[in-house]
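First comes the structure, then the notes that go with it.
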Amino acid sequence: MVETVITGTGLFTPEDSISNAELVRSLTEATETWNAEHASQIEEGTLLARQPPVEEFIFKASGIKSRFVMNKEGVLDPTRLRPILETRSEDQLSIQAEMTLPAIQEALTQAGHNPEDVDAIIVGASNIQRAYPAVAIEIQEAIGAGGWAYDMNVACSSATFSIQAAVDALKSGSANCVLVINPEITSAHNNFELRDFHFIFGDACTVTVLERAIDAVASEQWAVLGTKLATKFSNNIRNDFGFINSSEIDQRDPHEIVFRQSGQRVFKEVCPMVSAHIRDHLQTLELEPAEIRRFWLHQANLKMNQLIAKGVLGRVPDTTEAPVILDTYANTSSAGSIIAFHKNRTDLDLGEKGVICSFGAGYSVGSIVVEKTTG
Ligand code: CO8
């Protein structure tokens with residue numbers, strides 16, 4: 001059997017960070033303005049007054065304290081509530097390609113490779129900045145990599161789904177050194193106008209280097225013992241933004257063409273699905289949950305992660321077993337579980353095993369079981 005290994009990871013964290021208090025202050029002002037502008041309809045009963053956000057609710061409901069964003073000024077401007085991003089010409093590197101470069105450099109340095117060694121790039125993200133040409137191909141050109149590149153989108157599971165695609169490419173021989181890149185600019189596709197959604201997301205980019213064990217030179221290596229993906233259709237997390245929008249007979253409400261969800265339903269339906277998925281995956285690999293030293297879970301909600309890990313282990317894990325990064329990063333969609341892996345793995349001993357697991361819109365669930373083999 002061809003053994004595939006993760007030989008490096010990289011992380012780009014934007015400079016701007018926004019605390020819950022700052023976010024709540026700006027949305028409170030925007031809510032008061034909106035209610036004043038719609039006072040007559042609210043009085044007539046044709047519109048409901050918007051409720052201002054409550055800072056304490058955010059941490060209690062989600063475990064989030066702050067988030068990083070590509071542009072703080074625009075998000076916090078109560079008259080705008082979205083980032084201010086420059087419009088770039090075709091000759092300039094696009095913003096989504098640009099944010100990947102520091103993370104690529106870090107990941108390749110760990111792997112002991114140069115960009116010319118890379119012969120496949122998969123960009124997986126919840127929101128890709130344009131339909132084509134692929135951002136992955138733009139990155140390939142920018143770093144001087146060879147081979148092939150493409151973009152894919154499986155929402156929050158884009159990293160694990162693209163890791164499985166990379167593993168399959170390495171096993172089949174269609175690639176030798178694959179970069180999986182997850183550049184998430186969630187702030188440009190979040191709804192900062194509504195208190196239910198404004199606090200959930202943050203921006204970041206992760207990169208993972210995968211190759212065959214026989215080619216690897218990195219001082220730290222993680223064997224991929226197995227990958228398992230699953231999907232089940234649900235409308236509970238949805239974003240109808242797309243090229244059809246402008247041709248539709250009935251123009252959509254602007255709130256439909258950004259992120260929206262039924263958070264409670266997602267919570268109730270996804271937690272048992274993910275616990276069962278991980279248990280099944282471990283069983284297939286003839287591993288007991290107790291043999292897993294660490295769970296690098298998707299970072300959407302702290303209670304959700306505790307419930308999922310409890311469904312696997314039979315008890316609530318501590319933060320060394322299931323590390324938390326969403327307190328400072330919030331939900332960075334596909335990047336979340338890889339950020340957790342990137343920041344919390346060096347203390348594991350050789351032979352120790354862990355599970356990288358994502359879950360999100362689709363629904364989609366992906367798990368990658370890894371073992372530290374070198375380092
Ligand atoms: N301040 C005060 N009150 C609030 C606030 C706030 N900020 N937000 C909500 N409330 C209110 C609600 O309005 C509601 O009031 P009422 O009862 O009067 O209607 C009340 O609090 C309770 O609301 P909820 O039931 O929604 O609260 P929960 O306790 O369920 O917490 C959560 C909400 C945190 C959203 C929780 O349900 C959750 O985390 N669910 C799981 C979410 C999840 O994992 N989603 C995955 C989505 S990500 C993904 O798959 C990829 C998409 C990525 C796209 C990125 C683009 C941006």
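Positions are given from 1 along the sequence. Atoms within each ligand, like the ligands themselves, are counted from 1 in listed order. Everything numeric in this text was worked out from a predicted model, so none of it was measured.
- Salt-bridge check for Glu73 with Arg80: failed, with every basic side-chain N at 4.0 Å or more from each acidic carboxylate O.
- In Phe199, the part holding a heavy atom less than 4.0 Å from any atom of ligand 1 is the side chain.
- Protein heavy atoms all stay at least 4.0 Å away from atom 16 (P) of ligand 1.
- In Ile58, the part holding a heavy atom less than 4.0 Å from any atom of ligand 1 is the side chain.
- The part of Ser126 lying near ligand 1 is the side chain, judged by heavy-atom distances below 4.0 Å.
- By the criterion of a heavy-atom distance under 4.0 Å, the side chain of Gln261, and not its backbone, is placed next to ligand 1.
- At the shortest separation from atom 11 (C) of ligand 1 among protein heavy atoms lies Arg195 NH2, 3.6 Å.
- By the criterion of a heavy-atom distance under 4.0 Å, neither the backbone nor the side chain of Val270 is placed next to ligand 1.
- The backbone N or O of Gly146 lies less than 3.5 Å from a partner atom in the side chain of Gln140, making a donor-acceptor pair.
- Taking the side chain to side chain contact (heavy atoms under 4.5 Å, CB included) definition, one finds that Glu116 meets it with Asn114, sequence neighbours left out.
- Neither the backbone nor the side chain of Glu184 comes within 4.0 Å of ligand 1, counting heavy atoms alone.
- Between Arg260 and Asp240 a salt bridge is recorded (basic side-chain N to carboxylate O distance below 4.0 Å).
- In this comparison of Asp196, Asn190, Asn127, the heavy atom closest to atom 56 (C) of ligand 1 sits on Asn127.
- For atom 57 (C) of ligand 1, the nearest protein heavy atom (residue, atom name, distance) is His189 O, 3.2 Å.
- For ligand 1 and His198, the ligand atoms under 4.0 Å from any heavy atom of the residue are 7 (N).
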(request) Quick one: do Leu108 and Val209 satisfy side chain to side chain contact (heavy atoms under 4.5 Å, CB included)? Show the steps, please. (result) CA-CA 7 Å; Leu108 284 177; Val209 183; 4.2 Å; yes
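- Ranking the protein heavy atoms by distance from atom 32 (C) of ligand 1 puts Asn301 ND2, 4.4 Å first.
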(request) Determine, step by step, whether Gln299 and Tyr329 satisfy the side-chain hydrogen bond (donor to acceptor under 3.5 Å, both in side chains) criterion, reporting the C-alpha distance in whole Å, the side-chain angles of both residues, the deciding distance to 0.1 Å, and the verdict. (result) CA-CA 9 Å; Gln299 305 280 317; Tyr329 278 83; over 6 Å; no
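- Checked options Thr328, Asp327, Asn190, Asn20; the residue passing with Arg67 is Asn20 (criterion: side chain to side chain donor-acceptor pair (under 3.5 Å)).
- Shown in contact with Phe259 at under 4.0 Å from a heavy atom are these atoms of ligand 1, numbered in order with element: 57 (C).
- Counting only heavy atoms from C-beta outward, the side chains of Asn235 and Phe233 approach each other to under 4.5 Å.
- Close approach of ligand 1 to Ala61 (heavy-atom distance below 4.0 Å) involves ligand atoms 31 (O), 34 (C).
- For ligand 1 and Met304, the ligand atoms under 4.0 Å from any heavy atom of the residue are 41 (C), 44 (O).
- Screening Ile6, Thr9, Thr7, Val207 for a side-chain contact (heavy atoms from CB on, under 4.5 Å) with Gln110, the sole residue that qualifies is Thr9.
- Looking at atom 40 (N) of ligand 1, its nearest protein heavy atom turns out to be Gly263 O, 3.1 Å.
- In the candidate list Gly63, Gly360, Cys156, Pro53, Cys156 is nearest to atom 48 (S) of ligand 1, counting heavy atoms.
- Every atom of ligand 1 with a heavy atom of Ile237 under 4.0 Å away is listed here by number and element: 46 (C), 47 (C), 50 (O).
- Of the protein's non-hydrogen atoms, the one nearest atom 1 (N) of ligand 1 is Val54 N, 2.8 Å.
- Near Asn331, the atoms of ligand 1 lying under 4.0 angstrom from a non-hydrogen atom of the residue are 48 (S).
- Hydrophobic clustering places Val69 together with Leu81 (ILVMFWY residues linked when any side-chain heavy atoms are closer than 4.5 Å, directly or through intermediates).
- Taking 4.0 Å as the cut-off between side-chain N and carboxylate O, Arg130 and Asp151 do not count as a salt-bridged pair.
- Around atom 50 (O) of ligand 1, the closest heavy atom drawn from Ala125, Cys271, Ala361 belongs to Ala361.
- Looking at atom 6 (C) of ligand 1, its nearest protein heavy atom turns out to be Phe57 CD2, 3.4 Å.
- Residue, atom and distance of the protein heavy atom nearest to atom 30 (O) of ligand 1 are Gln264 NE2, 3.0 Å.
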(request) Tell me, with the steps shown, if Ser358 and Thr160 meet side-chain hydrogen bond (donor to acceptor under 3.5 Å, both in side chains). (result) CA-CA 7 Å; Ser358 70; Thr160 53; 2.7 Å; yes
